[in-house]
Amino acid sequence: MHDAYEPVPILEKLPLQIDCLAAWDDWLLVGTKPGHLLLYRIKKDAGTNRFEVTLEKSNKNFSKKIQQLFVVSQYKILVSLLENNIHVHDLLTFQQITVVSKARGATLFACDLQQSSSGEAKLRMCVAVKRKIQLYYWKDRDFHELQGDVAAPDIPKSMAWCENSICVGFKRDYYLIRMDGRGSVKELFPTGKQLEPLVAPLADGKVAVGQDDLTVVLNKEGVCTQKCALNWTDIPVAMEHQPPYIIAVLPRYVEIRTLEPRLLVQSIELQRPRFLTSAGSNVVYVASNHFVWRLVPISIASQIRQLLQDKQFELALQLAKMKDDSDADKRQQIHHIQNLFAFNLFCQKRFDDSMQVFAKLGTDPTHVIGLYPDLLPTDYRKQLHYPNPLPALSGAELEKAHLALIDYLTQKRSHLVKQLNDSDPSTTSPLMEGTPTIKSRKKLLQIIDTTLLKCYLHTNVALVSPLLRLENNHCHIEESEYVLKKAHKYSELIILYEKKGLHQKALQVLLDQSTKANSPLKGHESTVQYLQRLGEMNILWLFFIFWFFCFQIFTEDLTEVETLPRDKVLNFLKEGFKELAIPYLEHIIYMWDETRPEFHNVLIQLYLEKVQGLMKVYLNSLPEGQTHSSCHFFMVMLSSVFPKKQASCDWLYFIVFV
C-alpha cells in the first residue's frame, strides 16, 4: 500500500444535513435535507494542500427536497431531481430553464455526455419513473425524447450508461438495457445478499457493478472484462473512477483500489462518509452528513518512488504515462520502469513474461543473457550491473529459464539476421543506465548463437546439430569448441569445424575418435564420409588419406596387425611414406613394448635427421655475426617437436652441440 490521496477538510460541522453533492472546476454544490442549495468556491493555495473556501451563493428556496444533482458545465446547466421530477437550471444564476413534465414521479436519473468527432458534446439522460425507463437527449435548451419508454421488471435503484446500453440495478437483480430501438433487456446476475445495487460509470465507457463487497466490470454487452472481481473490506455505498484508481465510500472508510493490477492502495478513515463526487480528473469530494473533504492526490513522482520501492511496477507504469513531463523524459522513465518490471518478473521466476517484456523494450540481449549463470565470458559479465541480486537457479527452474531464453534469443536472432547488412549500428538499450551495450550486429549474433548452443546442450541436445549446420551460424569457435568437448559432443564438434572450414581440426578429431570403443565416430566410415564431402581434394587431404589409412593399417589394435613383420613394415614406410616411419616406430616401442635395438637405433637416426633439418633452418635465421651458442632457444624448438621425449632431446642436444 502507498498513499495516493491526502484527505483535506473543506466544510466542517455544516449545520444543515447534506443529501447530495455535485462539482465542476473550482465549484462545489451542496444539496441539503431542508432543500437549500449551497454554492462554494474552492481555491487551492499555491504550494500547499490548503484551500480557501467561500460560500458564493445560497438558495434557501431551491426546492423542498433535493434528491440528486448533476452538473453539465459544457452547457452551463444543472440537472436535478427535485420532489420526484427532473428540473434544469442555469448553472450560474440558478434560474429554472425547463422541467421534464413527462418525468413526474421520477426516483432516479443518469446522464451521459459524449464528445463527437467534431468536438461537439451530446447529452443523453435516462430517467426511472416507477417501472419504466424514459430516454432523453438535450437540444435547444430542453430535453427531448430519444425513443419510447422501456418497461422494467422492477423499480430501478441504480443506473449508469455503458456506451449504447444502460446497466440497471433493481432490488434483486442487475439488467442490461440496449439502446437498439427495441429496448432489448438482458438479465445479468443477482445484486447479492444486501439487495442494494450499485452501478458506477467508468472512464473507459464500461461500468462497475457491485455485488455485496465485490465489484465487477462490465462492457456494453454485459460481459465481465476482468478475470477477478475487486474485493472491498466492506460494502461500498458509492464509487468514483479516477484512473488508475477506483475510489469507494464504505461505512467507515474511503478505500482506494486498482483494477489492473488488482491492489488495495489506500484506506482513509473518515467520520461516516456517505457521498462521493468529482469535478473531473484529480478533483474528488467526499461528504458525510455534516462534513466535506477533498481528496488531494499525492504527486505522481512521489507515488512512483514509493511504488518502485514496493516493486509495484505495473501501477508505477500507469502513473508514469500520466505525468506531465516532456515526451523524452516520460519515455525515459517509462523505459526504466519497464526494465525494472521485466527484471522483477525474472526474479519472481516468471521467465516467459520477463523475456516478452525485454523483447518489446529492445534491451541489449547480452544484458538479458547475463541474468543466467555461466553463459557469458567472465570478463564481460563483470561489466554488467543489475538492480538487485540475481536469483539462484538450478535443476528444473534453470531448465525452464533456459527454455524462455531460447524463445527470446531465437526471436532476436531472426530480427538481427534480417538487419545484418544495414549500415546503421544496432539500437539496443541497457537494462541499467550506464551499462555498456554492444552495437555490432555481428558481435551480437556471435553471442546469441553461442548462447543458444549452450542452452541447447542444457535442454535439448537434438537442436545443437541444426544450429551448427545453419549457413549463417555465428557461433564463437573457441567457446563452442570448449563446451562441445566438455559435453563430449564430438559429432557436433565435427559439424562446427566443417562449417567454419577447419577441416584439419575436424579430421584430427575423427582420427582421435576412430579408435575409441564407445565413440559414435569409431572406425573409418565417418572419416571417409567427411573426406567425400570435401569435393575436389587438394594435396593436404590426399596426404591425410594416405597417412590415415597407412597408419591405421599398421597400428590397428588387432593381434594380426601386431604380429606383422615389423622390419618389412618399417622398410615399406621408409621407402613410400617416410613421414609415417617415426609415428610407427613410436607406436611399436611405446605402445607394443618393442625392445630390439635396431628399431630404437632407426628411430634415433630419424630423429637426428629431423633435428639436422631444423638446425639448418635455425642457423639460417640467425643475424649475421651472432654466435651459434644460442642453444636454449633451439632446445625449446626441439621440445615443441618432441614434447614427450625429453630424454631423446637431451641426447640429440649432446650429439649436435658437443
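We're numbering straight along the sequence, starting at 1.
Listed for the Ser158 side chain is a donor-acceptor partner under 3.5 Å among the backbone atoms of Val199. No side-chain donor-acceptor contact under 3.5 Å links Asp364 to the backbone of Ser429. In this structure, Lys323 contributes its side chain and Ala301 its backbone to no donor-acceptor pair below 3.5 Å. No donor-acceptor pair closer than 3.5 Å links the side chain of His241 to the backbone N or O of Pro201. A donor-acceptor contact shorter than 3.5 Å is absent between the side chain of Asp212 and the backbone of Leu214. Between the side chain of Arg124 and the backbone N or O of Tyr137, no donor-acceptor pair lies under 3.5 Å. For His2 (side chain) and Gln303 (main-chain N/O), no donor-acceptor pair under 3.5 Å exists by modelled atom type. Although no hydrogens or angles enter the test, the distance criterion places no donor-acceptor pair under 3.5 Å between the side chain of Tyr253 and the main chain of Gln266. Panel note: side chain Trp27, backbone Leu39; no donor-acceptor pair is recorded below 3.5 Å. Counting only distance, with no hydrogens or angles, the side chain of Gln67 and the backbone of Thr107 share no donor-acceptor pair below 3.5 Å.
Taking the six-membered ring for Trp and thresholds of 30 and 60 degrees, Phe313 and Phe341 have ring planes inclined between 30 and 60 degrees apart. Below 30°, between 30° and 60°, or above 60°: for Tyr5 and Tyr245 the angle between ring planes is above 60°, a perpendicular geometry. Ring geometry for Phe62 against His89 counts as tilted: the plane angle lies between 30° and 60°, on a 0 to 90° scale.
The residue from Arg272, Lys33, Arg274 that alone fulfils the side chain to side chain donor-acceptor pair (under 3.5 Å) condition with Asn289 is Arg274.
A donor and an acceptor atom, one from each side chain of Thr98 and Asp142, are located under 3.5 Å apart. Gln271 and Ser288 share no side-chain donor-acceptor pair at under 3.5 Å. A donor and an acceptor atom, one from each side chain of Gln96 and His87, are located under 3.5 Å apart.
Environment of NZ in Lys220: sparse, with no more than 12 heavy atoms of neighbouring residues, nucleotides or ligands closer than 6.0 Å.
With ring centers used as reference points, Phe351 lies under 6.0 Å from Phe346.
Considering all non-hydrogen atoms of both residues, Asp352 and Ala404 come closest at OD1-CB, 3.3 Å. The minimum heavy-atom distance between Tyr175 and Leu188, with the atom names listed, is C-CD1, 3.9 Å. Closest heavy-atom contact between Val283 and Asp25: CG1-O, 4.5 Å.
Counting heavy atoms from C-beta outward, Glu314 and Thr258 have side chains that stay 4.5 Å or more apart.
A distance of 8.0 Å separates CD in Gln134 from NZ in Lys132, rounded to the nearest 0.5 Å.
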